[in-house]
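The next block holds one structure in the form of structure tokens; read it before the comments.
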Amino acid sequence: MPDHSERRARRRRLLARFAVVACLPYLTLKLLWVVGADVGVRDLGSLSRGQWIAANAVTFGMDAIAALIAHVLTRPGGRHVRAWLILFPMWVATGMLVSLMIALPVGQGVIAATGAENPALSDDMLSPWVFGVVYGGLCAEGLVLLAAFTLYVDERWGGLLRTRVRDLADPAGTQGMQRVLTGLALGFLVCSGALRLLWGLGSDAGMNAEWIARRNAIGRTRDLVHGLGALAGAAGLYALVFRRWGRARVGVPLAMAWTGVGVAFAAGGWMDVGRSPATSALLGVSDTADLIAGLLTLCVGCFALTELTELTSGKGGLVPSPATPDARRLAATGSHPAPGPHR
């Protein structure tokens, strides 16, 4: 009979195959729009044909990358792909998909319960069925892709994820720099998160008349998810870099930081920063703060990933910090850590 690791690998490959299939409707529709077939399009409104094609070409490329990563997760050699080629696009995808997968069904539920106008049915640009194909497909894609990725991360870096936060090492002595960068990121995340939380709870602070007129339950739910994500991400990042929650396993605060900062960066920061000042100056400030916080966190993550994965090799596992009881015991007995996961 296959052992537990083999069964998990099979589940990961199956989920990744489902993710590839889930990408196809979205990719097909986007490709049709790029080549000029206005399937499901009613009126481009103020958008020029060039703007329409460019926007759809970019989003087609983004989802094509997600499909490619899903394919990589189906392959036996997926564990040997360079970490950053998988982690960076999946971090962005996590932020975008988690925000969508929560905000869309919750917002639609609120609309159904209150009888408010449904933006999917009142859109003058696209036919109603397009909303279901695009966003329904993205939600399905997010569920299976993120599940497959979770299994992949556990297979590849499970030893690190189960290490206690207090046992994390600082082999290159960059923890001081990481804390400076993290402190700056925390300030941006807390300010932006608090502002988004206010908007999600019903405040109209900083909004102009145009923005208020376009607000709906889905938008408010998105702001609520964004705000909670930014604050949770700040808490997880603080716990990891400043070694708080010492008895907790790394996987818990890492998941908070990964998802929360990803939501702030991917679902707000870089996606909206170019267009938001025309709608609201305060929204522009919030998006810029998210963008900066995401870039700072990305720098910290590059430091940490490079250093901590260097501590895992074929013969040795994760080397604990010299200040920890485990390290003192190893030094006293002359023993070595148990073999850990390959990088």
Side-chain angles (χ1 to χ4, degrees), residues 87-88 90-103 106 146 150 153 160-161 163-166 168 170 174-201 203 205-206 220-273 276 282-305 307-308:
L87 294 180
F88 176 69
M90 278 306 303
W91 177 55
V92 176
T94 299
M96 296 178 67
L97 292 171
V98 166
S99 176
L100 176 68
M101 289 175 354
I102 297 175
V106 173
L146 295 181
T150 300
V153 169
L160 174 60
L161 296 178
T163 301
R164 295 193 185 279
V165 172
R166 67 186 179 193
L168 288 174
D170 181 28
T174 64
Q175 191 175 15
M177 181 182 297
Q178 290 182 40
R179 289 183 172 182
V180 171
L181 296 175
T182 298
L184 294 172
L186 293 179
F188 288 115
L189 286 170
V190 170
C191 292
S192 175
L195 185 58
R196 292 279 187 167
L197 201 58
L198 285 175
W199 289 338
L201 293 174
S203 173
R220 291 200 181 277
T221 306
R222 181 173 176 264
D223 281 332
L224 191 60
V225 172
H226 191 131
L228 291 174
L231 296 178
L237 191 62
Y238 174 73
L240 278 175
V241 178
F242 288 86
R243 304 297 192 262
R244 305 303 180 187
W245 308 352
R247 295 180 61 84
R249 305 292 180 180
V250 167
V252 176
L254 179 59
M256 294 172 60
W258 175 277
T259 306
V261 183
V263 166
F265 177 76
W270 76 279
M271 289 287 287
D272 292 340
V273 70
S276 53
L282 194 56
L283 180 58
V285 171
S286 174
D287 287 335
T288 303
D290 289 333
L291 177 63
I292 295 173
L295 294 175
L296 291 170
T297 302
L298 189 61
C299 292
V300 173
C302 289
F303 277 119
L305 177 68
E307 294 179 9
L308 294 175

For a 4.5 angstrom cut-off between non-hydrogen side-chain atoms, does [X] reach [Y]?
X    : Y    : answer
L195 : C191 : no
W258 : V98  : no
S99  : H226 : no
R222 : V106 : no
L146 : M101 : yes
L228 : L197 : yes
L231 : L189 : no

Legend entry - Donor-acceptor under 3.5 Å (T259 side chain, A255 main chain):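 Present.
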Inset, instruction - Without swapping roles, check the side chain of R164 against the backbone of R247 for a donor-acceptor pair under 3.5 Å. - result: yes
What pair of heavy atoms forms the shortest contact from [X] to [Y], and how long is it?
X    : Y    : value
D290 : A264 : CB-O, 3.2 Å
V92  : A266 : O-CB, 3.2 Å
L186 : A234 : CD2-O, 3.2 Å
A267 : G95  : CB-O, 3.9 Å
S286 : R196 : OG-NE, 3.3 Å

Legend entry - Q178 and T174: side chain donor to acceptor below 3.5 Å: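 There is such a pair (donor and acceptor under 3.5 Å, judged by atom type) between the side chains of Q178 and T174.
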Legend entry - Criterion side chain to side chain contact (heavy atoms under 4.5 Å, CB included) on L160 and L168, from CA distance to verdict: CA-CA 9 Å; L160 174 60; L168 288 174; 4.0 Å; yes
Inset, instruction - Give me the one residue out of L291, V261, L181, L237 that meets side-chain contact (heavy atoms from CB on, under 4.5 Å) with L296. - result: L181
Legend entry - Steps toward side chain to side chain contact (heavy atoms under 4.5 Å, CB included) verdict (L282, W199): CA-CA 11 Å; L282 194 56; W199 289 338; 3.9 Å; yes
Inter-residue atom distance [X].[atom1] - [Y].[atom2], 0.5 Å rounding:
X    : Y    : atom1 : atom2 : value
T182 : R179 : OG1   : CZ    : 9.0 Å
L283 : T288 : CG    : OG1   : 9.0 Å
L254 : T163 : CG    : OG1   : 11.0 Å
L298 : W91  : CG    : CH2   : 5.5 Å

Legend entry - side chain to side chain contact (heavy atoms under 4.5 Å, CB included) assessment of F265 paired with L295: CA-CA 8 Å; F265 177 76; L295 294 175; 4.3 Å; yes
